[in-house]
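Below is one structure, written out as structure tokens, with a few remarks after it.
Note that the structure is predicted; figures quoted are calculated from it, not measured.
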Amino acid sequence: MAPKGKKKNQENINSRLALVMKSGKYSLGYKSTLKALRSGKAKLVIISGNCPPLRKSEIEYYAMLAKVEVHHYSGGNSELGTACGRYFRVSMLCVTDPGDSDIVKA
């Protein structure tokens with residue numbers, strides 16, 4: 001069982017992510033996240049909890065160079081896919097336009 005504060009934070013990020021999926025622009029996956037970071041379009045990167053360490057550190061490095069915030073999602077890639085409203089696994093995603101959501105500020 002997750003601690004109460006952790007569970008509340010998880011629900012908070014899930015609801016903000018759902019709002020981004022409806023009203024904002026995003027790209028799912030490693031390759032498209034890398035492209036968005038290189039081109040400077042990314043505002044926020046979300047990485048799943050079970051992403052391989054080498055891939056995670058590479059994305060963190062690119063995000064540091066692009067001065068983009070990185071959020072480590074506490075669930076695995078299947079939970080992140082479900083939070084995005086998809087029926088497949090998502091290892092990482094980047095938000096290029098948050099839309100109505102305040103996910104970048106929080």
Spatial distance of atom [atom1] ([X]) from atom [atom2] ([Y]) [nearest 0.5 Å]:
X: Ser74; Y: Asn9; atom1: OG; atom2: CG; result: 7.5 Å
X: Ser15; Y: Gln10; atom1: OG; atom2: CD; result: 10.5 Å
X: Ile59; Y: Ser91; atom1: CD1; atom2: OG; result: 8.5 Å
X: Arg16; Y: Lys105; atom1: CZ; atom2: NZ; result: 10.0 Å
X: Thr33; Y: Leu93; atom1: OG1; atom2: CG; result: 6.5 Å

Same apolar cluster: [X] and [Y], side chain cutoff 4.5 Å:
X: Tyr73; Y: Val95; value: yes
X: Ile47; Y: Phe88; value: no
X: Ile103; Y: Val90; value: yes

Pairs touching residues 35-47 that satisfy side chain to side chain donor-acceptor pair (under 3.5 Å), sequence neighbours left out | none
So which pairs with a foot in residues 50-63 pass side chain to side chain donor-acceptor pair (under 3.5 Å), sequence neighbours left out?
-> Tyr30-Glu58, Ser48-Asn50, Asn50-Asn77, Glu60-His72
For Thr82, all residues meeting side chain to side chain contact (heavy atoms under 4.5 Å, CB included), sequence neighbours excluded | none
Could you list the residues that satisfy side chain to side chain contact (heavy atoms under 4.5 Å, CB included) with Ala66, not counting sequence neighbours?
-> Leu37, Val68
Contacts table for residues 19-29: side-chain donor-acceptor under 3.5 angstrom, sequence neighbours left out:
from, atom 1, to, atom 2, distance (Å)
Ser23, OG, Leu19, O, 2.9
Ser23, OG, Asp100, N, 3.0
Tyr26, OH, Arg86, NH2, 2.4

Sorted by chain and number, sequence neighbours left out, side-chain hydrogen bond (donor to acceptor under 3.5 Å, both in side chains) with Ser101 holds for none
